[in-house]
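Step one of this worksheet: look at the structure below.
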Amino acid sequence: MKLRLAATLAGPAITALAVLWLAQPPAALGNPAAALAWAQDVVPGGPAAEKYEFVGTGKCRVCHLKIFKSWESGKHGKALDSLRPGQATAAKARHGLDPDRDYTRDKGCLECHVTGLDRKGGYAVPKPGDKKAEKKAKEMAGVGCESCHGAGSETDKVFQEIHRTKRKYKVEELYKAGLTRMEVGLCKTCHNPRSPTFDKEAKFDYEELKKTVHAREELKQRE
Ligand code: HEC
Ligand code: HEC
Ligand code: HEC
Ligand code: HEC
């Protein structure tokens, strides 16, 4: 499954497709073929993923500890664990997956269960016994901060600077540095019928769910 769109096209494409998605009558939302076509045009990790490098969840942790902790103990933080044998066995059995199989080296699964699979700085399947690669992979395990907020190599520079100077900033500065514009289309890059456990009947209420993905922080410097 080749994800094809160029970085420059992905931003507008996400927006346009999200609008299309939202404009669909409820019955069409569960249409696997439409959702499949839709999902293949957008990439997890954000539109900037091809242009910027992933820096790892540990970087974000330093300044956003409360968010990090709630993320770590939540479903996105633990998403790689679900691919291990003996984990989430009931869900696997229900959806025709083998509860005893190790899916942690299966790229068809990792794509949505880790951060930036095979992208610059992103998750790379470690060779068994390669301690350095294993350590790096741990940094990028699960649906990390950058899976949703975009690869952080440039935003990190802005974050460091606004943290140090305590100055006010406009979010547009961060968008220019690769921060993903948060909207339902981003969630749907993974929450779609290509997920073997996807439930077509379940409602994906973005406005409600976005409040629950992790603990919230009041933004005091944002203008
Ligand atoms: C050096 C400290 C620091 C690091 C490291 C850091 N941030 Fe931040 N971040 C900040 C500060 C400061 C703000 C603005 C807070 C405020 O307005 O009170 C911020 C704001 C944000 C925002 C809100 C942007 C907006 O205006 O909508 C997001 C999202 C964010 N950070 C994500 C991340 C992610 C993801 C990482 C890791 C790649 C990260 N941060 C790393 C300090 C940091
Ligand atoms: C990079 C892929 C990816 C993106 C992007 C993503 N998710 Fe997820 N999400 C997952 C995976 C994988 C799981 C399941 C983790 C597990 O249990 O192993 C999950 C689980 C969840 C769950 C828990 C579901 C349940 O049945 O318990 C919620 C709620 C959720 N995501 C909401 C969101 C929202 C809201 C967004 C967008 C702001 C989003 N997700 C973006 C991959 C993603
Ligand atoms: C297109 C993205 C995507 C792919 C590919 C994907 N998953 Fe997931 N997975 C998700 C999302 C999103 C969720 C949470 C909501 C749902 O079930 O759709 C999830 C949830 C799960 C859960 C449920 C965890 C629980 O506790 O309920 C298991 C188990 C799982 N995935 C295993 C796999 C395996 C094994 C593969 C490969 C054969 C795979 N996934 C491929 C996105 C994906
Ligand atoms: C599944 C997607 C997802 C993941 C993973 C994720 N976030 Fe977020 N983040 C969101 C959403 C959704 C919002 C709310 C955006 C909005 O209100 O428009 C948000 C908001 C924020 C904000 C702004 C403050 C706030 O509370 O609104 C910061 C800072 C932030 N995230 C940091 C992080 C950090 C650090 C991590 C990793 C530890 C992380 N996020 C992981 C989706 C995600």
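In this text, all values refer to a predicted model and were calculated from it rather than measured experimentally. Positions are given from 1 along the sequence.
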Problem set entry | Any side-chain heavy-atom pair of V158 and K176 under 4.5 Å | no
For this session: Might you confirm whether atom NZ of K92 has over 12 heavy atoms from other residues, nucleotides or ligands at distances under 6.0 Å?
Result: yes
Problem set entry | Backbone N/O of G142 and side chain of T115: donor-acceptor pair under 3.5 Å | yes
Exercise. Do Q221 side-chain atoms and I162 backbone N/O form a donor-acceptor pair below 3.5 Å?
Worked result: yes
Exercise. Is the backbone of D98 close enough, under 3.5 Å, to the side chain of Y103 for a donor and an acceptor to pair up by distance?
Worked result: yes
Problem set entry | Within residues 68-97 or reaching into it, pairs that qualify as ring-ring contact (aromatic ring centres under 6.0 Å, His included) - sequence neighbours excluded | F68-W71
Exercise. Do E53 side-chain atoms and S153 backbone N/O form a donor-acceptor pair below 3.5 Å?
Worked result: no
Exercise. Can you tell me how far NZ of K59 sits from OG1 of T155, rounded to the nearest 0.5 angstrom?
Worked result: 10.5 Å
Problem set entry | Worked verdict on L110 versus Y123 for side chain to side chain contact (heavy atoms under 4.5 Å, CB included) | CA-CA 9 Å; L110 288 170; Y123 189 93; 4.1 Å; yes
Problem set entry | Over all atoms of both residues, closest heavy-atom pair of Y175 and T180 | CE2-O, 4.0 Å
Exercise. Under a 4.5 Å cut-off applied to non-hydrogen side-chain atoms, are V171 and L179 in contact?
Worked result: yes
Exercise. Are K69 and E72 within salt-bridge range, i.e. N to O under 4.0 Å?
Worked result: no
Exercise. Do you reckon L97 sits in the same ILVMFWY cluster as V114, going by side-chain contacts under 4.5 Å, direct or chained?
Worked result: yes
Problem set entry | From CA spacing to verdict: side chain to side chain contact (heavy atoms under 4.5 Å, CB included), D118, K107 | CA-CA 9 Å; D118 290 340; K107 291 194 178 178; 2.7 Å; yes
Exercise. Between E223 and K170, does a salt bridge (Lys or Arg N to Asp or Glu O under 4.0 Å) hold up when you go through it step by step?
Worked result: CA-CA 5 Å; E223 262 175 7; K170 289 195 168 69; 3.1 Å; yes
Exercise. Just one of M140, K138, K132 clears the side-chain contact (heavy atoms from CB on, under 4.5 Å) bar with K136, so which one?
Worked result: M140
Exercise. If only atom types and distance count, is the side chain of K66 paired as donor or acceptor with the main-chain N or O of R216 below 3.5 Å?
Worked result: yes
For this session: Would you check, one step at a time, whether the test side chain to side chain contact (heavy atoms under 4.5 Å, CB included) holds for K220 with E218?
Result: CA-CA 6 Å; K220 300 197 186 79; E218 195 195 334; 4.2 Å; yes
Exercise. Can you name the nearest heavy-atom pair linking M182 to C148, along with the distance?
Worked result: CE-O, 3.8 Å
For this session: Check whether any side-chain heavy atom of E208 sits under 4.5 Å from a side-chain heavy atom of T212, and report yes or no.
Result: no
Problem set entry | For A141 against L80, the heavy-atom pair lying closest together | CB-CD2, 3.7 Å
Problem set entry | Side-chain donor or acceptor of H214 paired with backbone N/O of S70 under 3.5 Å | no
For this session: May I ask you to decide whether R167 forms a salt bridge with E173, counting only side-chain N to carboxylate O separations under 4.0 Å?
Result: yes
Exercise. Distance-only, no hydrogens or angles: does the T89 side chain make a donor-acceptor pair with backbone N or O of G86 under 3.5 Å?
Worked result: no
For this session: Output, in order, the C-alpha distance, side-chain angles, deciding distance and verdict of side chain to side chain contact (heavy atoms under 4.5 Å, CB included) for D199 and F204.
Result: CA-CA 10 Å; D199 177 359; F204 194 87; over 6 Å; no
Exercise. Does a salt bridge link R194 with E111, judged by any charged N lying under 4.0 Å from a carboxylate O?
Worked result: yes
Exercise. Hey, does L219 have a side-chain heavy atom less than 4.5 Å from the side chain of Y169?
Worked result: yes
Seminar exercise, completed: CG of L209 to NE2 of H191, rounded to nearest 0.5 Å, is 8.0 Å
Exercise. About how many Å separate CD of Q160 and NZ of K157, when rounded to the nearest 0.5 Å?
Worked result: 11.0 Å
Exercise. Does the distance from a Lys or Arg side-chain N to an Asp or Glu carboxylate O, for D102 and R84, drop under 4.0 Å?
Worked result: no
For this session: Could you please spell out the steps behind the salt bridge (Lys or Arg N to Asp or Glu O under 4.0 Å) verdict for E161 and R164?
Result: CA-CA 5 Å; E161 191 261 326; R164 196 177 62 244; 5.2 Å; no
For this session: For E139 and G58, indicate whether the former's side chain and the latter's backbone hold a donor-acceptor pair under 3.5 Å.
Result: yes
Exercise. Linking I/L/V/M/F/W/Y whenever their side-chain heavy atoms sit closer than 4.5 Å, directly or via other members, would F54 and V125 fall into one cluster?
Worked result: yes
Exercise. Does the E146 side chain pair with the main chain of G56, one donor and one acceptor, at a distance under 3.5 Å?
Worked result: yes
Exercise. Are any side-chain N or O atoms of S195 and backbone N or O atoms of N192, one a donor and one an acceptor, separated by less than 3.5 Å?
Worked result: no
For this session: Anything under 30° is parallel, anything over 60° is perpendicular, the rest tilted; go ahead and classify H64 against F159.
Result: perpendicular
For this session: Report yes if the side chains of H113 and V143 come closer than 4.5 Å at any heavy-atom pair, otherwise no.
Result: no
Exercise. With a 4.0 Å cut-off, would you call D81 and K78 a salt bridge?
Worked result: no
